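Here's the structure, in structure tokens; my notes come after.
Keep in mind it's a predicted model, so treat the numbers as computed, not measured.
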Amino acid sequence: MMGRGYRTVDRSKWYSSCFPSDMHGKARDYSQTPLNIYWEMTQACALACRHCRATAVPEPAPGELTFDEGVAFLHQILDFGDTLPQLILTGGDPLQRRDLYELIDEARRLGIGVSITPAATSALTRDVLVKLKDHSVEGLGLSLDGSTAERHDSIRGVPGTFARTMQAIAWAQELDMPLQVNTLAAAETADDVPAIYELLKPYNVSRWSLFFLISVGRGKVLQPLSPEDGEKLMAWIHETSMASTFTVATTEAPSYRRVALERMRAAGLTGEQIRRNPASRGFGIRDGHGIMFVSNTGDICPAGFLPLTVGNVRRDRVADIYRNAPVFQSLHDPTQFEGRCGYCEYHALCGGSRARAYEATGNPLASDPFCVYEPRQASRQATS
């Protein structure tokens, strides 16, 4: 870790502000148990998305976890005890794993909830969605990065992807599968976001999440939004979320929580009304705190967009790494964050994007350069 010293501290003073209930209404201590574990089952994928974190390739990479190693990893998840995290199968394209359904069955047999984010290729058929549902997959994630075929397919790199995505959205609604739609928020897509929202409005989407670009993998060929434009988009997201029939949220833009909280307070919402607002469900969650990532070769990282290898499931236990590895302990503790993120009054519920801080500086504890907010304690810091 760049020679940086990570320390453990008594976090009891701020833990209580980081214990929102999960989607099932159960309180969770994110320093002990993540909400979501993302498993990159393979890097194989037929698409060539311009913002792909994994820089996916047509064939599986050497060294991917075998079936037996995958089963052993699933059994490790039980170490977290009650309440278990949700397992999100991703890639690449998880449909390219020949043992996909056997692994899903083993996870469900162990009591682990499973969601999946398949690629919109010719392999994603209605029969596949039926089979996923029959194997008790609880949620489906699809990506929609443009309101037209021209715009979406230019991001995904393969003609016809837009049509397949819209067909899969319709199938998911027909089959009553809980659906999250993910949309890239970057300089190339921001002007199209309102049109994408209008396209989704007729569908029974559970959650629409706008992913604010982190320039890793192939994402380096795209342009992130400026902090000022990002702030404007987050204001639009909150305004839209108040009228939407589905949850509208962000990924890798935790400063949206500050924007939402300030606007809810300005609107006169009570503390209870704010707590029940969907935007509050993400309070306290950030890379490495509420989230962890396991790569196709078993590497354990704080998040998919924070490719900082802390261990490997072939030799380490995921719960032990999540709870006790110095890198994770530092990410659990916002008092260790540096710069504005360290002394900001919103550091517990927001904490900044640790992935973006790492991408920009090589230090996952640095300030998130995307945030424009000047903390109220700034003047105090300047004179101390």
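Within the structure, every pair that satisfies the salt bridge (charged side-chain N to carboxylate O under 4.0 Å, His left out) test and touches residues 227-254, not counting sequence neighbours, is listed here: Glu231-Arg258.
In this structure Asp368 satisfies the salt bridge (Lys or Arg N to Asp or Glu O under 4.0 Å) test together with Arg356, sequence neighbours excluded. Partners of Glu345 according to the salt bridge (Lys or Arg N to Asp or Glu O under 4.0 Å) rule, which considers only residues two or more places apart in sequence or in another chain, are Arg376. By the ring pair (Phe, Tyr, Trp, His ring centres under 6.0 Å) test, Phe370 is found to be paired with Phe212, residues two or more places apart in sequence or in another chain being considered. Under the salt bridge (Lys or Arg N to Asp or Glu O under 4.0 Å) criterion, Lys201 pairs with Glu198, not counting sequence neighbours. Under the salt bridge (Lys or Arg N to Asp or Glu O under 4.0 Å) criterion, Asp316 pairs with no residue at all, not counting sequence neighbours.
Within the 4.5 Å cutoff, the side chain of Phe80 has heavy atoms near those of the Val318 side chain. With a 4.5 Å cut-off on side-chain heavy atoms, Leu89 and Leu100 count as touching. Annotation: side chain of Thr247 is in contact with side chain of Arg281 (closest heavy-atom distance under 4.5 Å). Two residues are said to be in side-chain contact when any heavy atoms from C-beta on lie closer than 4.5 Å; Leu213 and Gln223 fail this criterion. With a 4.5 Å cut-off on side-chain heavy atoms, His152 and Asp192 do not count as touching. At least one side-chain heavy atom of Leu140 sits under 4.5 Å from a side-chain heavy atom of Pro118. No side-chain heavy atom of Arg164 sits under 4.5 Å from any side-chain heavy atom of Gln167. Residues Ser143 and Asn182 form a side-chain contact, since some pair of their non-hydrogen atoms from C-beta on lies under 4.5 Å apart.
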Subject >> Pair Arg275-Glu272, salt bridge (Lys or Arg N to Asp or Glu O under 4.0 Å): steps then yes or no >> reply: CA-CA 5 Å; Arg275 190 190 69 79; Glu272 177 60 21; 3.0 Å; yes
**OP:** Report the C-alpha separation of Thr251 and Phe305 in whole Å, then their side-chain angles, then the decisive distance to 0.1 Å, and conclude whether the side-chain contact (heavy atoms from CB on, under 4.5 Å) test is met.
**Re:** CA-CA 11 Å; Thr251 301; Phe305 291 91; 6.0 Å; no
Subject >> Audit row: Arg314, Leu65, side-chain contact (heavy atoms from CB on, under 4.5 Å) steps and yes/no >> reply: CA-CA 9 Å; Arg314 288 177 165 131; Leu65 294 180; 3.7 Å; yes
**OP:** For Tyr101 and His135, run ring pair (Phe, Tyr, Trp, His ring centres under 6.0 Å): C-alpha distance rounded to whole Å, both residues' side-chain angles, the deciding distance at 0.1 Å, then the answer.
**Re:** CA-CA 7 Å; Tyr101 296 102; His135 284 257; 5.0 Å; yes
**OP:** Please step through side-chain contact (heavy atoms from CB on, under 4.5 Å) for the pair Leu210 and Tyr256, ending with a clear verdict.
**Re:** CA-CA 11 Å; Leu210 285 94; Tyr256 170 67; over 6 Å; no
Original post:
For Arg151 and Asp191, what are the C-alpha separation, side-chain angles and deciding distance, and is it a salt bridge (Lys or Arg N to Asp or Glu O under 4.0 Å)?
Top reply: CA-CA 11 Å; Arg151 296 197 68 147; Asp191 67 315; 2.8 Å; yes
**OP:** Apply the test side-chain hydrogen bond (donor to acceptor under 3.5 Å, both in side chains) to residues Thr189 and Asp145: give CA-CA distance (whole Å), side-chain angles for both, the deciding distance (0.1 Å), then the verdict.
**Re:** CA-CA 7 Å; Thr189 64; Asp145 296 319; over 6 Å; no
Subject >> side-chain contact (heavy atoms from CB on, under 4.5 Å) between Glu150 and Phe162, intermediate numbers included >> reply: CA-CA 8 Å; Glu150 180 182 12; Phe162 175 80; over 6 Å; no
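A donor-acceptor pair under 3.5 Å is formed between the side chain of Arg354 and the backbone N or O of Pro364. One N or O on the side chain of Asp153 and one on the backbone of Gly160 form a donor-acceptor pair closer than 3.5 Å. Without hydrogens or angle criteria, Tyr322 side chain to Gly290 main chain gives a donor-acceptor distance under 3.5 Å. Checked by atom type and distance alone, the side chain of Arg257 pairs as donor or acceptor with a backbone atom of Gly282 at under 3.5 Å. Under a 3.5 Å cut-off, the side chain of Gln43 and the backbone N or O of Glu64 do not form any donor-acceptor pair. Proximity of a side-chain donor or acceptor of Arg28 to a complementary backbone N or O of Pro34 within less than 3.5 Å is detected. Ser115 contributes no side-chain N or O that, together with a main-chain N or O of Ile88, makes up a donor-acceptor pair within less than 3.5 Å. Judged by distance alone, with hydrogens and angles left aside, the side-chain atoms of Arg340 form a donor-acceptor pair with the main-chain N or O of Cys371 at under 3.5 Å. The main-chain N or O of Ser241 is never found under 3.5 Å from a side-chain atom of Ser244 such that the two would form a donor-acceptor pair. A distance-only check finds a donor-acceptor pair linking the side chain of Arg108 to the backbone of Ser136 [under 3.5 Å].
Met242 and Leu233 fall into different hydrophobic clusters, where Ile, Leu, Val, Met, Phe, Trp and Tyr are joined by side-chain heavy atoms under 4.5 Å apart, directly or via other members. Hydrophobic cluster membership differs between Leu225 and Val372, with clusters built from Ile, Leu, Val, Met, Phe, Trp and Tyr side chains linked at under 4.5 angstrom.
With a 6.0 Å cutoff to the six-membered ring centre and a 45° limit on the axis angle, Arg97 does not count as a cation-pi contact of Phe67.
In this structure, Ile112 CD1 and Leu84 CG are separated by 6.0 Å, a value rounded to the nearest 0.5 Å. Once rounded to the nearest 0.5 Å, the distance linking OG1 of Thr183 with CD1 of Ile196 reads 4.5 Å. Atom CZ of residue Arg315 and atom CG of residue Asn312 lie 5.0 Å apart, to the nearest 0.5 angstrom. Between the CG atom of Leu103 and the CZ atom of Phe73 there is a distance of 10.0 Å, given to the nearest 0.5 Å. Within the model, atoms CE of Met177 and CG of Leu132 stand 5.5 Å from one another, a figure rounded to the nearest 0.5 Å. Rounding to the nearest 0.5 Å gives a distance of 8.5 Å between CG of Leu110 and CD1 of Ile77.
Annotation for Leu331 and Phe337: closest pair O-CZ, 3.8 Å, computed over non-hydrogen atoms. Minimum interatomic distance between Asn296 and Ala61 (heavy atoms only, all atoms of both residues): ND2-CB, 3.9 Å. Residues Ser31 and Asp29 approach most closely at OG-OD1, 2.6 Å, considering heavy atoms. Across all their heavy atoms, Cys341 and Ser367 have their closest contact at N-OG, 3.2 Å. For the pair Pro85 and Thr33, the tightest heavy-atom approach, listed with the atom from each and the gap, is CD-CG2, 4.0 Å. Of all heavy-atom pairs between Asp79 and Ala319, the closest is CB-CB, 3.6 Å.
Side-chain polar atoms of Gln32 and His332 form no donor-acceptor pair below 3.5 angstrom.
Between Trp208 and Tyr197, the two ring planes are parallel [angle under 30°; tilted spans 30° to 60°].
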